[in-house]
Q: 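Quick one: the structure is below, and I'll ask about it shortly.
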Amino acid sequence: MRWLLGFSDPVLGVGWNPRASHAARWRLGRMRALLSLMGDPDHELTVVLIAGTKGKGSTAAFLASILHSAGVRAGLFTSPNLQDYRERVRIDGAMLSRGAFDAAIDGLRPVVAGLRRTHPAAGEPTTFELTLALALRAFAERTCRVAIVEVGLGGRLDATNALDPTISMLTPVSRDHTGILGLSLATIAAEKAGIARRGRPLLVAAQRPVALAAIRRTGRTEGAELALIGPLGARAELALAGVHQRQNAALAVAAAHALAIPERAHVEGLRRAVWPARFERIGSRPTVILDGAHNDDSAAALARTLRTERHGRRLALVIGINRDKDARAVLRPLASVATTIVVTRSDSPRAADPTDVARLAGRATHRSVEVASDVAAALRIARSRAGADGLVCVTGSLALAGEARTELGVPPDERWWRA
């Protein structure tokens, strides 16, 4: 892992490597070159590519569960991880063992050497690119039929777009990563719609009008078969809580239809899906809810779900936000539903100073906000303020939710379903 993470920027993360070429031809070309040096493992797989601002992981988890219910072996590539880096690569719901993951990383060393030798102008790969390559090789070697791949950032120039998806999917688009993808919603939507492919399905969730117009334009330019997918009705039984999950589930069902998966598997898969830290309930007295909401729309969706779950109980909010996020936009919907707010930070180098976030939270609520030095201290304060019959919600970043999960004694899920 030290070797693999050596291809990333310690602050910006696994998708950045200062020694990688930023030339336009290598944004996707480097990923394609890596896969070529590995024998093009992705060509043995039916690739489903998922982009969007919110709900990508939940949509991927629903689809993985449907495929498992149908007996279809599928690989799942997602990011970021919560507690263990191996979570990013799953086969039929299971992480690779530590030994298998170590061996897979070792198998990347000659590939990197080959890239340096054959394409010196490409510079070094990023950790994200190498992990994607590792995942696709693992999927192919273990005879997966389908690879469900979550886009890392954006779409058009993300490393995942070097693949050739049979199905492309767009979850709801909102403003995020504006410093990279652009300030306008239309620009962001067009970037994400860049995963469309000529003559192939582009399944699109309900969108804001400006975003939808941009997606339609890009879809027409690419010649994709665009289909708008509305949320499932209230009668559908879902494993994941929240009205917003009906949209994510609907996209997964539409992809399953396109893959000719029997409908009986749709019902079972939606009911059995697993996706940690997305309104995940842990323990009782008080119940702790973990949710990785980190932008305005996901925070609004979380606030709606909390209102339906609260039932008049005290709600203590533990929140920590990264510096590259719009803290005001995340706090705005959540502040009104919380009885108490405790601000802290994750261990991520991107985490914002909790005193700065607390100042913004105080302005939003016009009451005092408490600050804790770390997740453990924040949980102690929040549990005390909520009381045994109340609720504690930890949110603001997936890194924070993952640390809280560990602090609460919940280990990473090695396997989602029994073999």
Q: Rounded to the nearest 0.5 Å, what separation is found between the CG atom of Leu240 and the OG atom of Ser58?
A: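 So the CG of Leu240 and the OG of Ser58 are separated by 5.5 Å.
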Q: Of His68, Arg415, Arg142, which is the lone residue that meets side-chain hydrogen bond (donor to acceptor under 3.5 Å, both in side chains) with Asp92?
A: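 When side-chain hydrogen bond (donor to acceptor under 3.5 Å, both in side chains) is applied between Asp92 and each of His68, Arg415, Arg142, only His68 qualifies.
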Q: Measure from the side-chain N and O atoms of Arg137 to the backbone N and O of Gly107, and report whether any donor-acceptor pair falls under 3.5 Å.
A: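 At least one qualifying donor-acceptor pair exists.
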Q: Do any N or O atoms from the side chain of Thr218 and from the backbone of Ile215 form a donor-acceptor pair under 3.5 angstrom?
A: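 Such a contact is absent between Thr218 side chain and Ile215 backbone.
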Q: Hey, could you give me the CG/NE2 distance between Asp297 and His294, rounded to the nearest 0.5 Å?
A: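 Reported to 0.5 Å precision, the distance equals 11.0 Å.
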Q: Going by the side chain to side chain contact (heavy atoms under 4.5 Å, CB included) test, name the single residue among Ile50, Ile167, Val47, Thr78 that passes it with Ile148.
A: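 Among Ile50, Ile167, Val47, Thr78, the one that satisfies the side chain to side chain contact (heavy atoms under 4.5 Å, CB included) with Ile148 is Ile50.
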Q: For Asp40 and Asp42, indicate whether the former's side chain and the latter's backbone hold a donor-acceptor pair under 3.5 Å.
A: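 Here the side-chain-to-backbone pair does not exist.
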Q: Could you go step by step and tell me if Thr126 and Ser8 meet the side chain to side chain contact (heavy atoms under 4.5 Å, CB included) rule?
A: CA-CA 6 Å; Thr126 67; Ser8 61; over 6 Å; no
Q: Between the side chains of Arg285 and Asp389, is the shortest nitrogen-to-carboxylate-oxygen separation below 4.0 Å, so that they form an ion pair?
A: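 Yes.
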Q: Give me the atom names and distance for the closest heavy-atom approach of Ala60 to Leu76.
A: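 Result for this residue pair: CB-CD1, 3.6 Å.
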Q: Between Gln207 (side chain only) and Thr171 (backbone N and O only), is there a donor and an acceptor less than 3.5 Å apart?
A: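 Present.
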Q: Kindly say whether Lys54 contributes a backbone atom to a donor-acceptor pair with the side chain of Ser298 at under 3.5 angstrom?
A: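 No, because the side chain of Ser298 does not come within donor-acceptor range (under 3.5 Å) of the backbone of Lys54.
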Q: Is there a donor-acceptor contact under 3.5 Å from the side chain of Asp158 to the main chain of Thr160?
A: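 Yes, Asp158 side chain to Thr160 backbone: donor-acceptor pair under 3.5 Å.
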Q: For the side chain of Arg32 and the backbone of Ala162, is there at least one donor-acceptor N/O pair under 3.5 Å apart?
A: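 The answer is yes, because a donor-acceptor pair under 3.5 Å joins these two groups.
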Q: Taking everything shown except Arg145 itself, do over 12 heavy atoms lie less than 6.0 Å from its CZ?
A: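 Count not over threshold, so no.
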Q: When you measure from the side chain of Lys192 to the backbone N and O of Gly155, does any donor-acceptor pair fall under 3.5 Å?
A: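 No, because the side chain of Lys192 does not come within donor-acceptor range (under 3.5 Å) of the backbone of Gly155.
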Q: Glu129 vs Leu132, test: side chain to side chain contact (heavy atoms under 4.5 Å, CB included). Steps then yes/no.
A: CA-CA 5 Å; Glu129 291 165 351; Leu132 176 58; 5.8 Å; no
Q: Under 3.5 Å, is there a donor-acceptor pair linking the side chains of Arg323 and Ser348?
A: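 No, Ser348 and Arg323 have no side-chain donor paired with an acceptor closer than 3.5 Å.
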Q: Side chains of Ser397 and Arg345 only: does a donor on one sit below 3.5 Å from an acceptor on the other?
A: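 No, because no side-chain N or O of Ser397 sits under 3.5 Å from a partner of the opposite role on Arg345.
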Q: Decide, yes or no, whether a salt bridge links Glu268 with Arg264 under the criterion of side-chain N to carboxylate O below 4.0 Å.
A: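 Answer for the salt bridge query: no.
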Q: Check this for me: does any side-chain nitrogen of one of Arg350 and Asp9 sit under 4.0 Å from a carboxylate oxygen of the other?
A: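 No, this pair does not count.
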Q: For Asn161 and Arg197, test the side chains for any donor-to-acceptor distance below 3.5 angstrom and give the result as yes or no.
A: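 Yes, Arg197 and Asn161 have a side-chain donor paired with an acceptor closer than 3.5 Å.
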Q: Is it the case that more than 12 heavy atoms not belonging to Arg246 sit under 6.0 Å from its CZ atom?
A: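 Atom CZ in Arg246 is packed in, count exceeds 12.
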Q: Please tell me whether Ser79 and Glu150 have a donor and an acceptor in their side chains that are separated by less than 3.5 angstrom.
A: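 Looking only at side-chain atoms, Glu150 and Ser79 do not form any donor-acceptor pair under 3.5 Å.
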Q: So which pairs with a foot in residues 325-359 pass ring pair (Phe, Tyr, Trp, His ring centres under 6.0 Å), sequence neighbours left out?
A: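 Sorted result for residues 325-359: empty, none.
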Q: To the closest 0.5 Å, what do you measure between CG (Leu170) and NZ (Lys56)?
A: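 Separation between the atoms: 10.5 Å.
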Q: Look up atom CH2 in Trp16 and atom CZ in Phe128, then write down how far apart they are to the nearest 0.5 Å.
A: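 Reported value, rounded in 0.5 Å steps: 11.5 Å.
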Q: Would the distance check show the side chain of Thr395 and the main-chain N or O of Ile319 forming a donor-acceptor pair, the cut-off being under 3.5 Å?
A: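 Not confirmed, Thr395 side chain does not pair with Ile319 backbone.
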Q: Take atom CZ of Arg328 as the centre, draw a 6.0 Å sphere, and report whether it contains more than 12 heavy atoms from other residues, nucleotides or ligands.
A: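 Result for CZ/Arg328: open.
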Q: Check this for me, if you would: do Arg30 and Glu124 make a salt bridge, where the nitrogen-to-carboxylate-oxygen distance has to be below 4.0 angstrom?
A: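 Looking at Glu124 together with Arg30, the answer is no, because their closest N to O distance does not fall below 4.0 Å.
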Q: If we count only N and O atoms by modelled type, under 3.5 Å, do the side chains of Thr406 and Gln83 hold a donor and an acceptor together?
A: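 Judged by distance alone, the side chains do pair up.
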Q: With rounding to the nearest 0.5 angstrom, report the CG to CE distance, Asp84 to Met95.
A: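 These two atoms lie 5.0 Å from each other.
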Q: Could you check Thr59 against Met169 for side chain to side chain contact (heavy atoms under 4.5 Å, CB included), going step by step and ending with a plain yes or no?
A: CA-CA 9 Å; Thr59 300; Met169 305 167 72; 3.6 Å; yes
Q: When you measure from the side chain of Gln247 to the backbone of Ala206, do you find a donor-acceptor pair of N or O atoms at a distance under 3.5 Å?
A: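 Here the side-chain-to-backbone pair exists.
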Q: Less than 4.0 Å between a side-chain N and a carboxylate O, is that true for Arg198 and Glu222?
A: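 Arg198 and Glu222: not salt-bridged.
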